[in-house]
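Read the structure below first, then the notes.
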Amino acid sequence: MENRVPAHMRGQILDVDDYSTNLAHLARNGLRGVSFTGGEPTLNPDLPALVARAANIFDRVELTSNGRFFREMLPALAPHLDVLKISLDAVDPVVRSITQGTDAELDRAVGSIFAGCAAGLRVGVNVVVMRSTVDHINGVIELVRALNAKGLPGTAYVSLLDFYYSEERRAVWQEEFFPIEELATRFTARYGPSEAQDRFGCRFFWFDADGVQVRFKDSQGATHRAPKCRGCHRYCQEGIYGLKHSAEGWVTTCPTGDPMFGFHLAPGLGADEADRRIASLLRDIQFAHPDPHSFATMLETHGLTLGTGERKPLAVIG
Ligand code: SF4
């Protein structure tokens, strides 16, 4: 949510009590789970307190991190988490130079995956699929296989995500976007059919990669298009599927910060008014449906063309 809130409220961070009150407002209106993401949520020193409070409010609590301060926070976080997700782009050093990760970042991420499993957590290893790294995903699977073979109380799986488009990384996206369906076809040929799972209005596919669970998110069908999105010229690759709550209390269905899609769940707002505003956003979600043409619409709206993969990977960004 960083920089995705209206400018006038950026940086006005809620304290733990006000944040927790907002989570309770959301839960009272039917939300059953919360996922702490970023930016990097471990940069917020209040995170352990917020996660502990959230665990008393929601059925399911997830955390996505690049591991920066995760290991220091782990003892306080682990008892309250259902799922931990750690971002890891690739393990091959050449690929890491492309994705601009450093050895220290890689060590931190791998150390956090290990620490999460050692603490008994289910750990999803998030990998963004890119054209120049797609052939190295097997390295991540082997890393997870080796980790799971250690017999730790928790287990890890691989979660493959598409490379989200944003205006700032337009050129890189055009060269690097790799259709995740194409990768799924390769997996089907190698590992057999997947199992489909519908969650949060999105469809996921689970493969058994010789004992390692690998999850694909359906990149094209998962994008929801609410009636409110019609005519949107920013046409995101995310769409309306859940509520986002920023550290400032900005609640929205849209990743842009457009006031038309959200409201400020400000400290002191009464329960009735909070319920009325939340209900309005939940109706937007209710009327949003996956649109099989949404990806094509996004390409058309932004005038995007996809890379051919003919250029050598290191020449793309390296
Ligand atoms: S959620 Fe809808 S309105 Fe917001 S950026 Fe995405 S497509 Fe546009």
Side-chain angles (χ1 to χ4, degrees), residues 1-10 22 25-26 29-39 41 62 64 126 128-130 161-174 176-181 198-204 216-265 274 276-306:
M1 291 293 290
E2 281 176 328
N3 305 324
R4 306 282 172 96
V5 299
H8 69 275
M9 68 176 71
R10 269 179 217 161
N22 282 2
H25 285 321
L26 296 169
N29 280 276
L31 280 88
R32 302 264 50 89
V34 61
S35 180
F36 289 90
T37 65
E62 297 185 1
T64 301
N126 282 352
V128 176
V129 176
M130 298 169 81
L161 310 167
D162 38 86
F163 183 22
Y164 268 27
Y165 170 75
S166 67
E167 206 58 51
E168 309 84 66
R169 54 189 184 193
R170 175 189 179 89
V172 174
W173 189 89
Q174 290 197 123
E176 287 288 334
F177 178 81
F178 186 88
I180 212 158
E181 298 77 8
D198 289 309
R199 272 185 84 211
F200 311 130
C202 299
R203 177 153 281 204
F204 298 91
F216 285 65
K217 183 177 174 186
D218 179 351
S219 60
Q220 299 189 16
T223 307
H224 284 228
R225 298 300 172 198
K228 269 189 175 178
C229 295
R230 290 196 192 114
C232 168
H233 296 299
R234 288 161 301 203
Y235 235 83
C236 67
Q237 202 176 339
E238 192 168 344
I240 288 173
Y241 67 93
L243 290 187
K244 306 169 204 304
H245 176 279
S246 80
E248 297 89 346
W250 176 248
V251 181
T252 183
T253 51
C254 172
T256 62
D258 186 331
M260 189 178 117
F261 293 88
F263 71 95
H264 190 194
L265 197 44
R276 191 182 67 74
R277 297 188 188 189
I278 292 168
S280 149
L281 293 190
L282 292 179
R283 269 195 299 280
D284 288 344
I285 295 172
Q286 188 186 352
F287 290 115
H289 297 289
D291 171 0
H293 306 295
S294 64
F295 189 76
T297 305
M298 186 189 78
L299 296 181
E300 191 185 334
T301 302
H302 292 286
L304 295 166
T305 51
L306 296 180

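Predicted, not measured: the structure shown is a model, and the values here were computed from it. For ligands, and for the atoms within them, numbers begin at 1 and follow the listed sequence.
Residues Leu281 and Phe261 come closest through the heavy atom pair CD2-O, 3.3 Å. Heavy atoms only, all atoms of each residue included: Leu282 and Leu31 are closest at CD2-CD1, 4.0 Å.
Of the N and O atoms on the side chains of Tyr165 and Glu167, at least one donor lies less than 3.5 Å from an acceptor on the other residue.
A 4.5 Å side-chain heavy-atom check between Val128 and Asp162 finds every atom pair outside the cut-off. Contact annotation: the side chain of Phe177 never approaches that of Val172 to less than 4.5 Å [non-hydrogen atoms, C-beta and beyond].
Counting only distances under 2.8 Å, and ignoring water, the protein N, O or S atoms around atom 2 (Fe) of ligand 1 are Cys229 SG.
Under a 3.5 Å cut-off, the side chain of Gln174 and the backbone N or O of Thr305 do form a donor-acceptor pair.
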